[in-house]
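The structure appears below as structure tokens.
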Amino acid sequence: TMPEHAEFIRAVSDFLRQQNPAGPQSFGPDDNLFTLGLVDSLRLVELLVFTAELTGREIPVEDYLISSFYTVHKLHELVSGAAVQPGGER
């Protein structure tokens, strides 16, 4: 079942901190995870697996631009159905 917005943000942020103990421990839901060094191509896969386990929803990565995964907030939009695919579809 899909966690509430705040619960999702907290769980994903905690996951990112645990995966990157040497990285920034303080960041917001709209901070760019790639710029902060919290996510790269390998860590993105790990993040998407964690997100799928957390929400019970797979994210078809090929349907979205990489910018869709820049922030925890944008990731929440994807799994909650609020994000729009590049072709304009939800």
For residues 25-34, which side-chain N or O atoms pair as donor and acceptor with protein atoms under 3.5 Å away, sequence neighbours left out?
unit_1: Q25; atom_1: NE2; unit_2: N20; atom_2: O; d: 3.2
unit_1: Q25; atom_1: NE2; unit_2: G23; atom_2: O; d: 3.1
unit_1: D31; atom_1: OD2; unit_2: G28; atom_2: N; d: 2.7
unit_1: N32; atom_1: OD1; unit_2: F34; atom_2: N; d: 2.8
unit_1: N32; atom_1: OD1; unit_2: T35; atom_2: N; d: 2.9
unit_1: N32; atom_1: OD1; unit_2: T35; atom_2: OG1; d: 3.4

Is there a side-chain contact between D40 and R43 (heavy atoms, below 4.5 Å)?
yes
Do L42 and L38 share a hydrophobic cluster (ILVMFWY, side-chain heavy atoms under 4.5 Å, transitive)?
no
Hey, could you give me the OG1/CG distance between T71 and L75, rounded to the nearest 0.5 Å?
8.0 Å
Taken to the nearest 0.5 Å, the spacing of Y64 OH from E77 CD works out to 10.5 Å
Mind checking the CG-CD spacing from L48 to E46? Nearest 0.5 Å is all I need.
10.0 Å
Donor-acceptor pair, distance only, cut-off 3.5 Å: does the side chain of R10 make one with the backbone of H5?
no
Check: L65 main-chain N/O paired with S68 side-chain donor or acceptor under 3.5 Å
yes
Beyond-backbone contact of F69 with V39, side-chain heavy atoms, under 4.5 angstrom
no
Which donor-acceptor pairs under 3.5 Å do the side chains of residues 52-62 make with protein atoms, sequence neighbours left out?
unit_1: T55; atom_1: OG1; unit_2: T51; atom_2: O; d: 2.8
unit_1: T55; atom_1: OG1; unit_2: R57; atom_2: N; d: 3.1
unit_1: R57; atom_1: NH1; unit_2: V79; atom_2: O; d: 2.5

Within one Ile-Leu-Val-Met-Phe-Trp-Tyr cluster: I9 and L36, side-chain cutoff 4.5 Å:
yes
Sorted by chain and number, sequence neighbours left out, salt bridge (charged side-chain N to carboxylate O under 4.0 Å, His left out) with R17 holds for D14
